[in-house]
Amino acid sequence: MRRLISAAVAAAALALPLAASAAPTVAVSFPKAMSAAPLDGRLLLLLSNDPSAEPRAQIWFDLKTQMVFGQNVQGLAPDAAVTVDDQAFGWPVRSLSAVKPGKYRLQVVLNRYETFKRGDGAVVSLPPDQGEGQHWNTKPGNLYSTPIEVEIGPDGTFVGGGRIAVSLDQKIPEIPRPADTPWIKHVRIKSELLSKFWGRPMYLGAHVLVPAGFDTHPDARYPLMVFHGHYPDDFGGFRTTPPDPDLKPDYSDRFHLAGYNRIQQQEAYDFYKQWSGPNFPRFLAIEIEHANPYYDDSYAVNSANLGPYGDAINKELIPAIEKQFRGIGQGWARFTYGGSTGGWEALATQVFYPDMYNGAFAACPDPISFRQYTTIDLYKDENAYVLRGANRSIERAGYRNYLGEVFATQRDVNSYELALGDKGRSGEQYDIWQAVYGPRGPDGYPKPIFDKVTGEIDRSVADYWREHYDLTHIIQRDWKTLGPKLAGKIHVYVGRGDNYFLNNAVYVAEEVFTSLKDPPYGGEVAYGDKDEHCWNGAKDLPNAISRLRYNTLYLPKILIVGSNQRLLIDVKEIPFTSDDDYVKQLSANTKQLEPA
């Protein structure tokens, strides 16, 4: 079990000036062939003693991570060198002077920033998404160097020379857009709302899975399933051919399964057979592209720092999709679902747009109560990193397994992010929560919820979060008006062994939900025993399988008639299948939802 570090010692170590010991230094430049114009961004110097992959593919916050050291550059001209030295903020080693002697592979990446002159007056320098889902190590246009072998000697400097020169002579290529198929279509629209906010053209996209018979029944109109989640490069988990017999089996460290890639292909093919079969309800299903300069998705709400993504998705994108693909276009004929980030988005969408959706299925949602922001009570705790007692303090856990073994603390996770980018620009989890939920700071960037180095919580920012994005608080506060619209529509699932402690907030939410009256909330909260991230309510399946079945898992629930709903059986008006024989069967046997 990971030994917990004394908070007082850790905080003091970060606060003290760096020792005047020798440190390796690297001179970084890029040739004019990579860019004739000066560049801004975050230089990331990477050191690895694991030869299995490029260093840029080996950075995370767990025990397996390699080392990253980050510093900003502004106006770096071609062929001009900038020095990366002991001032660069590092993870998991704080500074270059603290790197142990030994042999390493060294690589440098420039995560390029652009200047945004936003409609709210803020001028900010951020990394725009380039179709990769906001990942610095795969972002098209980012520059990087070829890994080289280096050795750090006992004196803390590079063996054979004091300073190493590195050229960023490689560029990550563009990512081609996916092509339409008979089953999956792709939509991309310019959002007027987002373009006005960001001060430049901004786009939203979606991958649309159409039902069987879509082309042969041009008069049919369909209900809509909105699958929220992280950035999708296409509609996932759908395959029209059997698994590749020549596919070399891989091994999933996450699920401890050999041949998981084959399992994924089989599940995707099985889903295709279900979706296209004669007895499957005919829906449109979509996954949304809403990557932005802070993260791989927007959390599907309006935000002071990201702009009106909630309105853009629900008032621009969804209507455009339903118009093009013959959606019914009414609230009773839509539902939303997703896991993790997508779980939070599914519930938030239902709460903030209650008339637009007829149910939310939120699996392992990001914290839906900030009384348990993973392991932090933002309203009572003074520090996000440490639990303080009378005579000692311990570090708060940030990442674990179901047995309770801790592999990263809250300080670890946030130090990792700070190395990747300051001012909330890491493109990672805590930084996007801060960007979505928080107010704009005086410098135009998100106002921090807590100090990234010390962990001290800003109570005024926490108060803002509570009133604007604490979903449990908002549901309770506004139940008088929300209750009639949300009763029976909230479904939440989480494993008690969630790796990120997301079950903690669900405990708080369940207590609040079950206390609601006039009307009672009438929903569902369920827990998976010993299940890790991201348990989605499938009690008889392991996570490795259930995570591949989101698109079929909740249909039986949304097709059940609730106590506040009446029947609609007129399938001539609402044909859920393109099979004429099945239409007759559906008319006789299916009970479809519509608000009373």
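Heads up: numbering here begins at 1 and tracks the sequence. Heavy-atom basis, side chains included; hydrogens, waters and symmetry copies ignored. The shown structure was predicted, so the numbers you read here are calculated from the model rather than taken from an experiment.
- A salt bridge links D253 with K64: the closest approach of a Lys/Arg side-chain nitrogen to an acidic carboxylate oxygen falls below 4.0 angstrom.
- A salt bridge links D120 with R118: at least one charged nitrogen is closer than 4.0 Å to a carboxylate oxygen.
- For the pairing with H491, the ring pair (Phe, Tyr, Trp, His ring centres under 6.0 Å) check across Y357, F361, Y554, F513 returns one residue only, F361.
- In this structure, Y385 has its ring center under 6.0 Å from that of F450.
- No side-chain donor-acceptor contact under 3.5 Å links N305 and S303.
- The ring of F407 has its center no closer than 6.0 angstrom to the ring center of F61.
- Summarising the local packing, CD of E382 is surrounded by 12 or fewer heavy atoms from other residues, nucleotides or ligands at distances under 6.0 Å.
- Partners of H290 by side chain to side chain donor-acceptor pair (under 3.5 Å), not counting sequence neighbours, listed by chain and number: S298.
- Classified by interplanar angle (parallel below 30°, tilted 30° to 60°, perpendicular above 60°), the ring pair Y373/W465 is perpendicular.
- Take K485 and apply the side chain to side chain donor-acceptor pair (under 3.5 Å) test, not counting sequence neighbours, and it matches D355.
- Under the rule for a side-chain contact (heavy atoms from CB on, under 4.5 Å), the partners of E316 that lie at least two apart in sequence or sit in another chain are I189, S191, E192, L193, A312.
- With salt bridges taken as basic N to acidic carboxylate O contacts below 4.0 Å, one links D311 and K315.
- The cationic atom of R466 (NZ for Lys, CZ for Arg) does not lie both less than 6.0 Å from the six-membered ring centre of F370 and within 45° of the ring axis.
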